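The structure appears below as structure tokens.
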Amino acid sequence: MDLGPYLLLASLEGAVAAAVLALTAVGLSLVFGVMRVVNVAHGEFFMLGAVLAWWFASLVAGHPAFGFVLALICAPLIAAVIAAAADYFVLKRLNYDPEATIVATIGLLYIIQQTVLMTYGPDARPVEAPFNARIYLPWFGYSTYKFFVIGAAIVLLIGVWIMLTKTRIGLVLRASQLDSEMALAFGIKVDQVYAMVFGLGAGLAAMAAVLVVPIQQAHYLMGGDPLLLSFIVVIIGGLGSIAGTVVAAILIGMSDGIISVFFSPTLAKIIATLLVAFVLIFRPTGLFGKRSI
Amino acid sequence: MAALNLLTTKGLSRNFGGLWAVHNVDFELPEGQVRALIGPNGAGKSTFVGLLCGRIPASSGSVQFDGRDVTALPAHKRIALGMAYTFQITSIFAKLSLWENVALAVRRKHHGDANAVEGGVKAALSRVGLADRADQLAGDLSYGHQRLLEIAMGLGQQPRLLILDEPTQGLAESEVDDFKKLVRNLAGETTVLLIEHNMDVVMDTADMITVLNFGEVLAEETPETIRDNSAVQAAYLGTG
Amino acid sequence: MSAAAKSVWLHGGVITLLFALQFVLPAYHHGNLARIMVLAVYAMGYNMLFGYTGLLSLGHALFFAAGMYGLGLTIAFLDFAPSPALLSGIISALIVSAVVGFLALRTTGVAFMIVTLMFAQAGFLTILLFGEYTRGDEGFVIQQPERVLAGIDLTTPGNRYFAALILFSVCLIITARVVQTPFGKVLIAIRENEDRARMLGYDVLRHKLIAVIISGTMSGAAGAAYALLFGYVGASFAAVQYSIFPLLWVLLGGAGTTIGPLVGTIFMFYLIDLSSGLTSAYMLIAGVTLVLLTLFARQGLVGELRKRALPWLP
Ligand SMILES: Nc1ncnc2c1ncn2[C@@H]1O[C@H](COP(=O)(O)OP(=O)(O)OP(=O)(O)O)[C@@H](O)[C@H]1O
Ligand SMILES: [Mg+2]
């Protein structure tokens, strides 16, 4: 086969990966940017979104689109509520002490993952796509649903961006990000803002998972990869910088798609983990960012 | 005579995001002197001594200590050469006993010699009047006593140059008097660089006074003549 | 009684108790305790860095695995006898921890945690990448003839227990000794107030690096011993979970106490042992324990005991 179509296919797959990754990573970045919390359980909220999507889809009979739409609305909401509760009952009580919060989110990771294992079980389960028509390119057919994923991610990211820059909520978030004590002095309820941000971050990850689950099956261990990739993206994109995060997500998502065509996925992951380590060691502000951990 | 100066700086400067906290300071401190460093809030006093002991890297200029250029040395090496530094904002080991706090200061010199350490700790704690509290946790002390502990940690190092950043801040009046006596006793033993807002302490203890304003040396005088310096009065004394 | 004398009594007592237990324990718990002692060595190694120096690593599985594979691979491919293989395991861990320490210590706090996590993950993936030799997740078995150390067959329960006890005792004594030395006191000072320690003239970076190396080497010794005593080498010991375990054991038992790691390992081992009879989701216990500890008992069991009743506990 020619290299051309091969690369086109890889770039399309890369674009889908990038879209999902951008959503997930922006969630992680938002939480770090506003709360300075490194949420190690972020990948589990992604997994929770996928598993809940399967559950909602299995609840609704009839056309798969009904279940999908229900999942798209409810799964991120549930993930967000769980996250907000975790913030309220655990992280807040730790005063967001950086080390203690990481240890607590590790605990959270296992609690979510293992609870899903106990209830949903160890099987990987597919969710049917809401529509499945194929577009026929000259060399191969391609699922329209994958184009929808790319489009939906773009719309959602624009939504987040508008929320952050154009609304009062965004103003409050940015104020809390700059200086939580100052924000408190201006009557902003930092507690509530933090719970909301933690929920929003988890919700974005869950949303990304709902989008991806018709392509990739739901499984209780599926949170590891998105966590690692989001870490890479957030660290390379510059901690807490949303624009940098999106750029890095596109970069990593695309190159991951292309690299894994040529290299073994394990080798690609080794390179990725070492990249994160070395960026933190030698360029602690990220490749584009200004702040360090 | 350069050899008699324990500490010399040339053109020492530090810039914080466009602001010269310390600018082009040439400074000489003869061995054995008690030198006071005064100046209004934000004059750059803490930054200056931070540059001396290596806590803050210099933007430009050089520091000579004991005839040796130490500008490139990291803080711990400068301390090992015989500087000791006490923090303006109390910095102690809150969860360790007073004894252990001072022992950490003493031990670096008397590595392995338990008796010498024991003696050094006792001596340092006695000098600040905390000997009977040796077993208490440092974090349980009152603020004033923590300041004294901080001084004891400086003394315990038996330094050639003792840098004290506002040691009397938060001390009771009687403790301030004791502190004055302590510094007078130190005169002759070691060289002291003392940042101090309490002019009473300055006048009673210092051999020489350096006035810093906006990061630059405004005057260098004896306590006797400084009151007549109009520039100093305008910048500093006039306000107090 | 002086602090040093109390330390001798306490640690001597623990070792004597463990020695005596082998004669009274039923076979099942006898086997468990041998395993626990080796894992407690891993926890003690972790405690040296986390408990005494205040550096929270999320990548100690790398050192455990370095010891394990340093022993296992030399036996499998270079036909090493057990004792040189054990040495090779320990040296592997020493080298790996020196390199990781040298690089990771350029960062602090959260960045240090993530960097160590990433290095360990890269190590785990490397084991999978070379699955041809390491047999990846499936792992490989070290046969009985290769587990006879200096004429002692480590496959019999009695010998195994005794070997574990010796390793444990050596590491406990090393830990108890190190934290009494001036060097150990500097580590504690760094944990309490790094800036102050530096301004007392201590080379903070050098002390931290040595702490990483002691910690990593002890962890590696545990990994090597585990492979030798239980005859199995596998990638799961290099996975994230095995970096979280020592953190959990040390937090539970009491960070910065000499016997906390043993206490924490015993408790967690039996908690997981009991719950894995009920459910395959036994890591749930680990998660819940982590959250509860950070919320309510940062000092751990021995730490609380020290705070409430026995302030002299080292
Ligand atoms: N780390 C820093 N970053 C930015 N600016 C700083 C920093 N440290 C000090 N400054 C600024 O440098 C100037 C000098 O500060 P410094 O603390 O040296 O003054 P000082 O004379 O010790 O004052 P005080 O009497 O209040 O202790 C101040 O304007 C201060 O805001
Ligand atoms: Mg100051």
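Because the structure is a prediction, the values reported are computed rather than measured. Every chain is numbered from 1 and lettered A, B, ... according to where its sequence line falls, protein lines coming before strand lines.
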Inset, instruction - Measure the spacing between CD1 of C:Ile285 and CD of A:Gln114 and express it to the nearest 0.5 Å. - result: 9.5 Å
Inset, instruction - Inspect the surroundings of CZ in C:Phe140 and state if more than 12 heavy atoms from other residues, nucleotides or ligands are less than 6.0 Å away. - result: yes
Legend entry - Which residues share a side-chain hydrogen bond (donor to acceptor under 3.5 Å, both in side chains) with C:Asp273, sequence neighbours left out: C:Tyr28
Legend entry - Heavy-atom contact with chain C under 4.5 Å, split by part of A:Leu117: side chain
Inset, instruction - Can you establish whether the number of heavy atoms outside C:Phe269 located under 6.0 Å from its atom CZ is more than 12? - result: yes
Inset, instruction - Assess whether atom CZ of C:Phe102 is packed by more than 12 heavy atoms of other residues, nucleotides or ligands within 6.0 Å. - result: no
Inset, instruction - Give the minimum heavy-atom separation between A:Phe231 and C:Ile114, together with the two atoms involved. - result: CE2-CD1, 3.5 Å
Legend entry - From CD (A:Glu99) to CZ (C:Phe112), nearest 0.5 Å: 9.5 Å
Inset, instruction - Heavy-atom distances under 4.5 Å only: say whether C:Leu247 touches chain A with side chain, backbone, both or neither. - result: side chain
Legend entry - Nearest heavy-atom neighbours spanning C:Met118 and A:Ala277: CB-CB, 4.0 Å
Legend entry - Point-to-point distance, once rounded to the nearest 0.5 Å, from CE of C:Met283 to OG1 of A:Thr115: 12.5 Å
Inset, instruction - Pick one of side chain, backbone, both or neither for C:Ser280, based on which atoms fall under 4.5 Å of a heavy atom in chain A. - result: both
Inset, instruction - For each of C:Ile244, C:Leu292, C:Thr289, tally heavy-atom pairs with chain A at distances under 4.5 Å, and name the one with the top tally. - result: C:Ile244
Inset, instruction - Under 4.5 Å, counting heavy-atom pairs only, tell me which of A:Leu267, A:Val40, A:Leu274, A:Ile106 racks up the most with chain C. - result: A:Ile106
Legend entry - Contact class of A:Tyr220 relative to chain C, heavy atoms under 4.5 angstrom: neither
Legend entry - Largest heavy-atom contact set with chain C, pairs under 4.5 Å, which of A:Val116, A:Ile102, A:Leu108: A:Ile102
Inset, instruction - Compare all side-chain heavy atoms of C:Leu290 with those of A:Ile111 and state whether any distance is below 4.5 angstrom. - result: no
Legend entry - Greatest number of heavy atom pairs closer than 4.5 Å to chain A - which of C:Val291, C:Leu284, C:Leu293: C:Leu284
Inset, instruction - Heavy-atom distances under 4.5 Å only: say whether C:Leu251 touches chain A with side chain, backbone, both or neither. - result: side chain
Legend entry - Residues from residues 119-135 of chain C approaching chain A under 4.5 Å (heavy atoms): C:Phe119, C:Gln121, C:Ala122, C:Leu125, C:Thr126, C:Leu128, C:Leu129
Legend entry - Under 4.5 Å from a heavy atom of chain A, the part of C:Leu58 involved: side chain
Inset, instruction - Tell me, for A:Ile271 versus chain C, whether the close heavy atoms (under 4.5 Å) come from the side chain, the backbone, both or neither. - result: neither
Legend entry - Other residues, nucleotides, ligands: >12 heavy atoms within 6.0 Å of A:Tyr96 OH: yes
Legend entry - Qualifying residue, where the test is side chain to side chain contact (heavy atoms under 4.5 Å, CB included) with A:Leu280 and the options are C:Val115, C:Leu103, C:Val110: C:Val115
